2 protein chains.
Amino acid sequence: MSNVIDASGILAISTRLQRLADQLRKDGQLIYKAHGIEFEPKWFPVIYTLHQKGQLSVMEIATEIGYTHPSTISLLKELEKQKLIRSKKDKQDERKRLLSLTEKGEELILQMKPVWKRMQQALTSLLHTENNLMSAIEEVEQKMEKKGFFARERDL
Amino acid sequence: MSNVIDASGILAISTRLQRLADQLRKDGQLIYKAHGIEFEPKWFPVIYTLHQKGQLSVMEIATEIGYTHPSTISLLKELEKQKLIRSKKDKQDERKRLLSLTEKGEELILQMKPVWKRMQQALTSLLHTENNLMSAIEEVEQKMEKKGFFARERDL
DNA sequence: TGTATTTATGTAGTTAACTACGTAGTTTTA
DNA sequence: TAAAACTACGTAGTTAACTACATAAATACA
């Protein structure tokens, strides 16, 4: 990280968060590839949600993973193309599309589980510093829910 | 934040970092607007660097702010369009383009300084939790420089 | 000194999220 | 019970970063 950004510090925090996110995502991609697994890190929240909860609608998934529904739809499209998930109309409510994992999806998850474990260990070793990044994020997320950056500046 | 992501925890960290970055950037936009200042948060690193260091080339700015040069070029284009910076050829090295702030740029910075101060205070109140996010990021950045996520997983 | 390499800049296209808007079912209400 | 409002889903276009490739100037080297 550069001198000037370090000096200006906190004002460039958004930039730094984004860069960190990007590096982690890219390394994630490499790790899946290194294990011979065709899987994108960005698919994780959807796949994991469906694995945990079974059949869900588009909006339920979007809410669960915290994305907007258009973002979710584009992830679902990719996953359907990979034949990792499938969808069918909800008989009770014709507007809804119910998504679930395919056999292939379930099998891939079994294959990924040990890799997820290793990733978890690697991330833990990386993030477990004096100020724990994971906990820090959780704390900030909670504070933002009560009162965001904008409101805090306004009410100074 | 949703249940499933919380449960899957650390594996979705990249997603969470990105979302946090995004929220902070958006609130930053709103704050500038609320103060009647026409300025994008993403311009901050470039403007601040030029303010601190004076005349710099494209690559020098890119290195300083930690972006790739194409990203930097597109920021520079926007800032030139806003007439906040100007450029001229380097006489010593005809490949280089030297960027500097215009009068308008310098004036805008004077106008923004008190707002930056308030933002800094608001961010401090938001980020100063038990596990300080700013310090956590710095620590993780340092660890990643020594050995990234990919290498850590590989060498487990 | 002419050729090869490196460096600085630029362009094109990609990515992964977003907002805005549109349509079709479902539910509420006058 | 017809109209209004809401909800679910989808598409189009935007954004802010990126990678890959191209070109021109400067430098190194045979």
Side-chain angles (χ1 to χ4, degrees), chain A residues 5 12-30 39-47 55-81 85 87-99, chain B residues 5 12-30 39-47 55-81 85 87-99:
Chain A
I5 300 294
I13 187 147
S14 160
T15 290
R16 294 173 74 172
L17 286 170
Q18 194 145 351
R19 186 152 41 221
L20 196 52
D22 210 51
Q23 285 175 270
L24 290 173
R25 191 185 43 72
K26 273 178 199 162
D27 273 13
Q29 267 174 332
L30 292 176
F39 194 76
E40 300 282 332
K42 66 173 165 171
W43 295 339
F44 177 79
V46 171
I47 285 289
Q55 207 171 45
L56 294 176
S57 72
V58 175
M59 280 308 295
E60 282 168 341
I61 295 170
T63 305
E64 197 65 37
I65 68 177
Y67 282 11
T68 59
H69 81 271
S71 312
T72 305
I73 286 170
S74 93
L75 290 174
L76 293 174
K77 268 187 190 162
E78 290 177 36
L79 287 165
E80 285 192 83
K81 203 168 166 185
I85 64 172
S87 77
K88 61 168 196 183
K89 270 232 171 307
D90 184 337
K91 291 282 162 57
Q92 270 69 52
D93 186 340
E94 290 274 315
R95 294 169 305 178
K96 287 189 187 171
R97 197 153 69 88
L98 295 175
L99 286 300
Chain B
I5 300 294
I13 187 148
S14 160
T15 290
R16 294 173 75 171
L17 285 170
Q18 195 147 349
R19 185 150 44 222
L20 195 52
D22 209 53
Q23 284 175 271
L24 290 173
R25 191 184 44 72
K26 275 179 197 159
D27 274 14
Q29 266 174 333
L30 292 176
F39 194 77
E40 299 283 332
K42 66 174 163 171
W43 295 339
F44 176 79
V46 171
I47 284 290
Q55 208 170 43
L56 294 176
S57 74
V58 175
M59 279 309 294
E60 282 167 341
I61 296 171
T63 305
E64 196 65 37
I65 69 177
Y67 281 13
T68 59
H69 81 270
S71 311
T72 305
I73 287 169
S74 95
L75 290 174
L76 294 174
K77 268 186 189 161
E78 289 178 37
L79 288 165
E80 285 191 85
K81 203 167 165 187
I85 64 171
S87 78
K88 62 168 196 185
K89 270 232 172 307
D90 184 337
K91 291 283 161 55
Q92 271 70 51
D93 187 338
E94 291 273 316
R95 293 169 307 179
K96 287 188 186 170
R97 198 154 70 88
L98 296 175
L99 286 300

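What you are looking at is a predicted structure, and each value in this text was computed from that prediction instead of being measured. Reckoned from all heavy atoms, side chains included, excluding hydrogens, waters and symmetry mates. Note on naming: letters A, B, ... go to the chains in the order of the sequence lines (proteins, then strands), and numbering restarts at 1 for each one.
For K89(B), the NZ atom sits in a packed shell: over 12 heavy atoms of surrounding residues, nucleotides or ligands are nearer than 6.0 Å.
If you take NZ of K88(B) and P of dT9(C), they are 14 Å apart, rounded to a whole angstrom. Between L17(B) atom CG and dA17(D) atom C1' there is a gap of 15 Å when expressed in whole angstrom units. To the nearest angstrom, P of dA17(D) lies 8 Å from CD1 of I65(B). In this structure, the NE2 atom of H69(B) is 10 Å from the C1' atom of dA20(D), given to the nearest Å. Rounded to an integer number of Å, the gap from W43(B) CH2 to dT15(D) C1' is 13 Å. Counting to the nearest Å, the C1' atom of dT19(C) and the CD atom of Q23(B) are 15 Å from each other. Following rounding to the nearest Å, D90(A) (CG) and dC9(D) (C1') show an atom-to-atom distance of 13 Å. Straight-line distance from the CG atom of L24(A) to the P atom of dC18(D): 15 Å, rounded to whole Å.
Distance check, rounded to the nearest 0.5 Å: CD of E80(B) to CG of L99(B) gives 6.0 Å. With values rounded to the nearest 0.5 angstrom, R19(B) atom CZ is found 13.0 Å from L24(B) atom CG. Rounding to the nearest 0.5 angstrom, the gap separating the CD atom in Q23(A) from the CG atom in L17(B) is 10.5 Å. Annotation: the span from L75(B) atom CG to Y67(B) atom OH amounts to 6.5 Å, rounded to 0.5 Å. Interatomic distance, I85(A) CD1 to Q55(A) CD, rounded to the nearest 0.5 Å: 11.5 Å. Remark: L20(A) CG to I13(A) CD1 distance equals 10.5 Å, nearest 0.5 Å.
Each of dA12(C), dG10(D), dT9(C) was ranked by its minimum atom distance to the side chain of P70(B); first place goes to dA12(C). Of the candidates dA17(D), dC18(C), dC18(D), the closest approach to any side-chain atom of T68(A) belongs to dC18(C). Closest contact between the side chain of E94(B) and the listed nucleotides dA16(C), dA25(D), dT9(C) involves dA25(D). Nearest to the side chain of K42(B), among dC18(D), dT9(C), dA16(D), sits dA16(D). For Q29(A), whose side chain is taken as the heavy atoms from C-beta onward, the closest listed nucleotide among dA16(C), dG10(D), dT9(C) is dA16(C).
Between R19(B) and dA17(C) there is no side-chain N or O to OP1 or OP2 distance below 4.0 Å. Residue Y67(B) has a polar side-chain atom (N or O) positioned under 4.0 Å from OP1 or OP2 of dA17(D).
Across all strands, K26(B) comes closer than 4.0 Å only to sugar-phosphate atoms, never to a base (heavy-atom distances). Counting non-hydrogen atoms under 4.0 angstrom, K89(B) reaches nothing in the nucleic acid.
Residues Q18(A) and L98(A) both approach DNA chain D. Their nearest nucleotides, taken by heavy-atom distance, put L98(A) toward the 5′ side. Across the interface with DNA chain C, nearest-nucleotide mapping of E40(A) and K91(A) shows E40(A) to be the residue nearer the 5′ end.
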If you restrict it to nitrogen or oxygen atoms, what contacts under 3.5 Å exist between nucleotides 1-8 of chain C and the protein, and what is each distance?
{"from": "dT7(C)", "atom 1": "O2", "to": "R95(B)", "atom 2": "NH1", "distance (Å)": "2.7"}

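Contact check on R25(A) versus D22(A) returns a salt bridge, with a Lys/Arg side-chain nitrogen under 4.0 Å from an Asp/Glu carboxylate oxygen.
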